[in-house]
Amino acid sequence: MTATEPVDLTVADLHPALGDPALTSMNFLNEVSERYPAAVSLAAGRPYEEFFDLAAVHRHLDTFHRHLTDDLGHSSEQARRLLLQYGRTKGIVHHLIARNLAVDEGITVDPEAVVVTVGCQEAMFLVLRALRAGPEDVLLAVAPTYVGLTGAARLVDLPVWPVAGGPSGVDLADLSAQVRRARAAGLRPRACYVMPDFANPSGVSISAEDRRRLLTLAAEEDLLLLEDNPYGLFHSADGPRPPTLKALDTGRRVVYLGSFAKTVLPGARVGYVVADQRVAGADGRTGPLADQLAMIKSMVTVNTSPIAQAVIGGRLLENGCSLVVANTRERSAYTRNLRHLVTGLRRRFPGTAAVRWTVPAGGFFVVVTVPFPVDDALLDRSARDYGVLWTPMAHFYDDTAPVCALRLSVSAVTPQQIDVGLDRLAALITDEVARRAG
């Protein structure tokens, strides 16, 4: 080979995860959406865009800047450097995140146990990278599982073992059985990933009683719980929200993953992880797991954009650090859309057992079960010939078995778009049933 001859690679020359369906799933769904821009999208779990306000971004930044100077006593030069220079790896709004968790969730946490990340996706990656110490380590995850978690686990060579979910959100007997099975095989289950509130993709929530049982089981099995909570504020029922696992956690069993993508602004790309588990160093001193995650982060993204953090911090400050207060309009819109979608499904599929759906108590997602396998080819045909997008549930299972279900999202559409999308979906389902029967 000459010095000027180009070097070509194959996927086989790269990390094995790069050919894995978990990593290609999001790109495929985005590509379908781009190919058919006129299709009504009931696929994307994006927040409602009508409430986005560019002027508010500048206001939030100014609010946080005043907080630095007026509340924290920074000089103008110090505040300018804090916002515009490379920043602290753990973040600069960690104290406001701790305050938000206390106000909205009843969680008391040392701000030094918080690492501010580039979206919740980085938070997942940091935790999984830290937990994967050797080839014997495995991660348990309630199935169906958010594909971003599965993909991150692939990148750090951490096998994911599915745990049955079901209508209660997690099958505790199956979780215990999977732990025993893994240990009998000489493996070490490090943690179990759960999304207790309106899970993506199932929409299912874990009851308050089962949350306590899950914590008890985690203690008995010496297992960490990775709690992901992007949708917990969007409860559509009256009455108090159930406590998070972290709020119930008295033994530091829960690593809490948070995101501001749904509650403030996805474009800011700011998330966080609360990791207050104590880690003993070689010198005998102990510190929070957050310190170890920050070391990994320093080699991955160095720090999360201080300007993006300032936008989030300003929004928190303007609402007394309560995202419940800040998301009153959003919660109302998502509740309206969720009810509209469920009512629309009932109207289009009356008294039919072949097509059924979940009725979640909040969040973004409804799962529709149909009498035929749902795959990417059907999605492509749905977008091209019927003008409606949705997500095949097969993307959220870690095997190749056919799945006769699809996920609908209500978060980024209007009631009128929901009606159009459901009409088109009903036509697709009716035609597909007839085609297979004929």
Side-chain angles (χ1 to χ4, degrees), residues 20-50 144 146-148 200-203 334 336-360 363-397 399-438:
D20 192 281
L23 269 73
T24 60
S25 174
M26 289 187 182
N27 284 339
F28 169 77
L29 295 172
N30 288 334
E31 288 169 6
V32 173
S33 179
E34 290 169 3
R35 286 204 308 271
Y36 304 104
V40 173
S41 180
L42 299 176
R46 298 176 176 180
Y48 193 55
E49 294 181 4
E50 295 304 311
Y146 169 57
V147 70
N200 181 7
S202 69
Y334 300 144
R336 174 202 67 199
N337 285 2
L338 184 59
R339 291 172 178 169
H340 194 82
L341 179 75
V342 171
T343 299
L345 287 167
R346 290 195 189 105
R347 188 166 65 249
R348 288 163 178 84
F349 300 100
T352 207
V355 179
R356 58 190 189 277
W357 51 89
T358 59
V359 184
F364 289 5
F365 307 114
V366 169
V367 175
V368 179
T369 301
V370 294
F372 48 81
V374 175
D375 57 18
D376 291 348
L378 184 64
L379 171 59
D380 192 79
R381 187 157 62 86
S382 175
R384 183 187 66 241
D385 298 342
Y386 294 83
V388 60
L389 292 163
W390 34 264
T391 305
M393 283 293 289
H395 283 258
F396 303 100
Y397 289 93
D399 58 38
T400 58
V403 179
C404 299
L406 56 93
R407 189 197 74 180
L408 302 179
S409 175
V410 303
S411 60
V413 285
T414 64
Q416 293 74 24
Q417 289 171 319
I418 290 173
D419 284 335
V420 173
L422 287 180
D423 284 342
R424 295 174 179 179
L425 177 64
L428 168 69
I429 292 173
T430 300
D431 291 349
E432 188 67 13
V433 169
R435 185 180 72 83
R436 290 173 178 270

Inset, instruction - Kindly give the heavy-atom pair with the smallest separation between Ser25 and Val147, and that separation in Å. - result: CB-CG2, 3.9 Å

Legend entry - Cationic N near anionic O, under 4.0 Å, Arg435 to Asp431: no

Legend entry - Within-4.5 Å side-chain heavy-atom neighbours: Arg35 and Val32: yes

Inset, instruction - Compare all side-chain heavy atoms of Tyr386 with those of Leu425 and state whether any distance is below 4.5 angstrom. - result: no

Inset, instruction - Taking Ser411 for its side chain and Arg46 for its backbone only, find out whether a donor-acceptor pair lies under 3.5 Å. - result: yes

Inset, instruction - Applying side chain to side chain contact (heavy atoms under 4.5 Å, CB included), run through Leu345 and Leu422 and close with a yes or a no. - result: CA-CA 7 Å; Leu345 287 167; Leu422 287 180; 3.9 Å; yes

Inset, instruction - Give the minimum heavy-atom separation between Thr358 and Val342, together with the two atoms involved. - result: O-CG2, 4.4 Å

Inset, instruction - State, to 0.1 Å, how close Gly203 and Pro360 come at their nearest heavy-atom pair, and which atoms those are. - result: O-CB, 3.3 Å

Legend entry - Pairwise distance CD(Glu432) to CZ(Arg381) - rounded to 0.5 angstrom: 4.5 Å

Inset, instruction - Report the C-alpha distance between Val355 and Val433 in whole Å, list the side-chain angles of each, state the deciding distance to 0.1 Å, and finish with yes or no for side chain to side chain contact (heavy atoms under 4.5 Å, CB included). - result: CA-CA 10 Å; Val355 179; Val433 169; 5.9 Å; no

Legend entry - Residue pair Val40, Leu389: steps toward the side chain to side chain contact (heavy atoms under 4.5 Å, CB included) verdict: CA-CA 6 Å; Val40 173; Leu389 292 163; over 6 Å; no

Legend entry - Value rounded to 0.5 Å, distance of CD1 in Ile429 from CZ in Phe349: 3.5 Å

Legend entry - Atom pair CG (Asp380) and CD (Glu31), whose distance is rounded to the nearest 0.5 Å: 10.5 Å

Legend entry - Short side-chain donor-acceptor distance under 3.5 Å, Asn337 and Tyr48: no

Legend entry - Sub-4.5 Å side-chain heavy-atom contact between Arg407 and Trp390: no

Inset, instruction - Would you mind reporting whether Val367 and Met393 have side-chain heavy atoms less than 4.5 Å apart? - result: yes

Inset, instruction - Starting at CG of Asn200, measure out to OG1 of Thr391 and round the result to the nearest 0.5 Å. - result: 8.5 Å

Inset, instruction - Of all the heavy-atom pairs spanning Pro371 and Ala354, show the shortest one and how long it is. - result: CD-O, 3.4 Å

Inset, instruction - Check Ala39 against Ala383 and note the closest heavy-atom contact, atom names and distance. - result: CB-O, 4.3 Å

Inset, instruction - Using atom types as modelled and distance alone, determine if a side-chain donor or acceptor of Arg436 lies under 3.5 Å from a backbone N or O of Phe372. - result: no

Legend entry - Centroid-centroid distance, Tyr334 to Phe364, less than 6.0 Å: yes

Legend entry - Smallest separation among heavy atoms of Arg424 and Gly387, with atom names: NH1-O, 2.8 Å

Legend entry - Heavy-atom check, side chain of Ser382 versus side chain of Val388, under 4.5 Å: yes

Legend entry - Exam field: side chain Thr430 to backbone Ala427, donor-acceptor pair closer than 3.5 Å: no

Inset, instruction - Measure the shortest side-chain to side-chain distance between Pro201 and Phe365 over non-hydrogen atoms and say whether it is less than 4.5 angstrom. - result: no

Legend entry - Side chains of Val374 and Val403 in contact at under 4.5 Å (non-hydrogen atoms): no

Legend entry - Distance in Å, Asp376 CG paired with Leu29 CG, rounded so as to fall on 0.5 Å steps: 7.0 Å

Legend entry - Between CG on residue Leu428 and CG on residue Leu378, distance to nearest 0.5 Å: 5.0 Å

Inset, instruction - Run the salt-bridge test on Asp419 and Arg348 with the 4.0 Å N-O cut-off and return the result as yes or no. - result: yes

Inset, instruction - Would you kindly say whether Thr369 and Trp357 are connected by a side-chain donor-acceptor distance under 3.5 Å? - result: no

Legend entry - side chain to side chain contact (heavy atoms under 4.5 Å, CB included) between Val420 and Gln417, intermediate numbers included: CA-CA 5 Å; Val420 173; Gln417 289 171 319; 5.7 Å; no

